[in-house]
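Everything on this sheet refers to the single structure shown next.
Computation of the quantities below employed the complete heavy-atom set of this structure, encompassing side-chain atoms and omitting hydrogens, waters and symmetry-equivalent molecules. Chain identifiers are assigned alphabetically (A, B, ...) following the order of the sequence lines, protein sequences preceding nucleic acid strands; residue numbering begins at 1 within each chain.
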Amino acid sequence: MAGPLGGPRGGPRRRSGRRFRRVGQTDRAGRAGRAGRAGRPSRRGPLACDDVLLRMSTLFLRTLREDPVEAELPSHKLLLRAGYVRRVGPGIYSWMPLGMLAVRNVERVVREEMAAIGAQEVQFPALVPREVFERSGRWEDYGDALFRLKDRRDADYLLAPTHEELFTLLVKGEYSSYRDLPVSLFQIQTKYRDEARPRAGVLRAREFVMKDSYSFDVDDAGAERSYRAHRDAYERIFARLGFDYRIVSAVSGAMGGSASEELIAPTPSGEDTFVQCGNCDYAANAEAVEIAGPTRAGGDGPGPATSDSAPGPQRVLDTPGTPTIATLVERLNSMDLGRSFGAADTLKNLVVKTRAPGAADWELLVIGVPGDRDVDMKRVAGQLEPTEVAPAGPDDLAGHPGLVKGYIGPQRLSELGIRFVVDPLVTEGSAWVTGANEADRHALDVVRGRDFFPDGELGAVEVRDGDRCARCGGPLQIARGIELAHVFQLGRKYAEVFDLTVSGADGRPVTVTMGSYGVGITRAVAALAEQTHDDLGLRWPREISPADVHLVATGKGEEPYTAGEQLAAELLSAGLRVLYDDRRGSSAGVKFGDSELLGVPLIVTVGRGLAKGVVEVRDRWSDERVEVPLDGAAAEIVRIAAGQP
RNA sequence: CGGGGAGUGGCGCAGCGGUAGCGCACCUGCUUUGGGAGCAGGAGGUCGGGGGUUCGAAUCCCCCUUCCCCGACCA
């Protein structure tokens with residue numbers, strides 16, 4: 001497969017014997033092996049169609065002039081129009097040849113970087129017997145998002161949404177000594193999730209390709225090294241693919257575990273909300289964000305409703321018909337109390353119920369937040385994990401006459417034996433208007449630390465643009481993005497469930513600690529399209545592009561085609577991947593339009609310039625065009641291509 | 001699951017009681033060849049499904065179903 005430019009096949013040097021491979025050594029050998037002779041990434045992968053000339057005349061491709069109605073996002077429209085994907089059903093897509101090349105390129109980069117940290121590839125079935133998931137509890141826990149099916153004997157199966165169980169079982173079956181560890185395994189496979197609402201084409205599909213890896217270590221220090229190695233590898237992967245990405249703190253969600261970060265591609269159309277500090281480098285998923293307490297009193301900025309003067313004694317007011325913050329504020333302002341009130345002056349108390357793992361019963365929990373704020377249930381759930389949280393319904397409140405919906409206050413909660421926490425925005429000493437725990441009455445000047453004493457603080461408030469960074473106090477900015485990858489320390493959850501232990505140095509069993517690291521492969525293609533497209537079409541960085549050069553032959557007679565044919569051959573033998581538009585029946589306009597749509601980073605036109613003995617070379621990124629003599633064009637094009645991202 | 005919208009050739013759409021049409025794409029021929037060509041000819045549709053009303057239904061009524069968008073949800 002190696003071409004003139006490729007040199008030896010990229011990838012890590014093979015070493016004999018597992019014991020020499022160490023996760024965590026991001027060895028230079030692996031990285032160096034990746035580079036081709038010209039200092040460019042090697043394009044010689046076993047899966048890339050590097051050595052064949054892609055001819056538009058025979059390529060299985062039909063571009064669309066109009067946007068399909070099903071598509072909303074630019075990436076979705078363009079991938080359809082450019083003939084990269086076709087929709088088969090909701091959240092189910094076929095990949096056509098050009099799309100496949102892009103997918104394979106992402107996979108190749110991922111494989112190279114995984115190999116570079118010593119991770120080894122495996123393959124698992126997508127079809128998994130129920131028992132496997134029953135043991136981890138996920139047959140139930142995964143809910144409706146799990147595709148379930150039956151075989152002819154009526155036995156239950158599922159289409160795996162991810163493979164923690166199988167990775168764990170596989171290692172358990174093979175390894176039994178601490179000497180075997182660490183080890184990192186990965187797969188690149190199709191996964192299935194019955195999303196409630198698939199959308200945005202391939203970005204959020206029900207069947208998609210994902211690279212998933214798991215690390216297995218004897219101790220936390222090892223787990224930390226494995227985590228670091230994967231995190232570093234991911235940075236290299238997304239940098240090579242040409243992404244603009246951020247690393248943000250995350251909650252590990254249903255997987256459990258501790259350290260957790262996401263790699264996010266910022267884009268306005270992304271469906272993940274994250275937060276970044278305008279001052280320091282703090283960034284977090286909106287659900288995992290930490291917000292500093294308020295730095296000043298009063299006002300409508302982030303801060304409590306404390307008035308500047310010391311609050312007076314608590315007073316109970318008749319406030320009939322004010323079960324909501326809006327109605328309460330209106331009523332207060334019409335009561336001639338000598339001051340005006342805003343939503344931020346009220347304390348809103350939300351009742352939820354929680355259930356500790358293994359517990360049979362739900363327990364009530366009241367969360368107090370400033371009245372102008374909403375509670376972010378995901379954020380709450382993330383902090384309470386693994387305890388479950390759910391909104392309390394009327395049935396849950398039934399046995400508690402002290403909790404009057406719309407008029408709940410924290411004053412008597414401890415007497416009632418109900419747990420109460422506040423958001424840190426409700427500071428010690430701050431005064432609030434809040435429910436009086438009887439219908440149609442509220443209490444004024446209710447002071448934390450005097451009139452009520454929360455059992456603790458819990459960051460519960462929905463983050464808002466301008467909230468203060470918990471690290472440096474700088475202003476937080478909210479942005480949208482697409483989740484590209486997630487790295488987290490799984491800990492011992494699956495190892496315990498499946499009893500994955502190895503003998504320690506002292507001969508006693510040690511439970512293995514795991515890390516989990518995912519990359520959305522097919523999603524990455526769409527996410528990159530979303531980030532890099534322009535008005536004319538797709539625009540790929542070289543690593544992911546189906547070709548290095550899009551060669552267009554156009555003009556009268558045979559000359560452009562014979563010259564094009566020869567140039568294509570030269571470029572190919574110079575090690576470039578060439579998409580050659582040799583269609584005779586298509587007009588120049590069609591060919592140019594397609595060349596812009598398809599997104600290959602370099603467009604070379606063999607046409608009217610032939611009269612002067614030149615071809616036009618156009619950079620799809622900068623739109624810069626230069627004429628180069630046909631004689632020696634291949635070498636010049638190689639040179640230009642090498643300078644591209 | 002809640003709200004909104006839509007199912008008519010491959011794609012985008014019109015038609016809204018009287019024998020199914022347009023643009024793009026496709027096929028044949030001639031012309032054309034640096035910005036989505038021209039002329040001529042052609043192929044392709046159980047109008048999402050079922051039931052009803054009617055002399056007659058893509059069109060009106062009922063039921064079902066699918067898809068798209070927003071929200072809820074989502075390693």
Let me know the distance between [atom1] of [X] and [atom2] of [N], rounded to the nearest Å.
X	N	atom1	atom2	answer
Phe60(A)	rG10(B)	CZ	P	15 Å
Arg65(A)	rC24(B)	CZ	C1'	6 Å
Leu80(A)	rA25(B)	CG	P	19 Å
Leu64(A)	rG23(B)	CG	P	19 Å
Glu596(A)	rG34(B)	CD	P	16 Å
Leu203(A)	rC69(B)	CG	P	12 Å
Arg81(A)	rA25(B)	CZ	P	13 Å
Arg608(A)	rU33(B)	CZ	P	13 Å

Per side-chain contact (heavy atoms from CB on, under 4.5 Å), Ile188(A) is matched among Val519(A), Asp212(A), Val122(A), Val209(A) by Val209(A)

Report the base-pairing partner of [N] (Watson-Crick or G-U wobble, both distances below 3.5 angstrom), or none.
N	result
rA6(B)	rU66(B)
rG45(B)	none
rC60(B)	rG52(B)
rU33(B)	none
rU28(B)	rA40(B)
rC11(B)	rG23(B)
rC73(B)	none

Ring centres of Phe167(A) and Phe124(A) under 6.0 Å apart? yes

Expressed in whole Å, how much space separates the [atom1] atoms belonging to [N] and [M]?
N	M	atom1	value
rU32(B)	rC13(B)	P	37 Å
rU8(B)	rG44(B)	C1'	14 Å
rC30(B)	rG23(B)	P	24 Å
rA37(B)	rG45(B)	C1'	28 Å
rG48(B)	rG4(B)	P	22 Å
rC16(B)	rG7(B)	P	14 Å
rG15(B)	rA6(B)	P	12 Å
rC61(B)	rG2(B)	C1'	27 Å

Counting any heavy atom closer than 4.0 Å, what does [X] reach on the DNA or RNA strands: base, sugar-phosphate only, or nothing?
X	answer
Glu616(A)	base
Arg583(A)	nothing
Arg618(A)	base
Gly609(A)	base
Asp212(A)	nothing
Arg86(A)	nothing

Using side-chain heavy atoms (C-beta onward) and a distance below 4.5 Å, is Leu79(A) in contact with Met96(A)? no

For the backbone of Ala553(A) and the side chain of Lys591(A), can you confirm whether one donor and one acceptor N or O come within less than 3.5 Å of each other? yes

Backbone N/O of Gly607(A) and side chain of Thr605(A): donor-acceptor pair under 3.5 Å: no

Considering only side-chain heavy atoms of [X], which listed nucleotide, [options], is closest?
X	options	value
Ser587(A)	rG35(B), rA37(B), rA25(B)	rA37(B)
Arg62(A)	rC26(B), rG36(B), rG34(B)	rC26(B)
Thr605(A)	rG34(B), rC68(B), rU33(B)	rG34(B)

Let me spell it out: for each of Val519(A) and Val615(A), pick the nucleotide of RNA chain B with the closest heavy atom. Which residue's pick is nearer the 5' end? Val615(A)

Whichever of Phe208(A) and Arg87(A) has its nearest RNA chain B nucleotide further upstream toward 5': Arg87(A)

What residue among Arg135(A), Lys172(A), Arg138(A), Lys493(A) forms salt bridge (Lys or Arg N to Asp or Glu O under 4.0 Å) with Glu165(A)? Arg138(A)

Grab the two heavy atoms, one from Tyr214(A) and one from His163(A), that are nearest each other, plus how far apart they are. OH-N, 4.2 Å

Is the positively charged end of Arg86(A) above the ring of Trp95(A), judged by distance under 6.0 angstrom from the centroid and angle within 45° of the axis? no

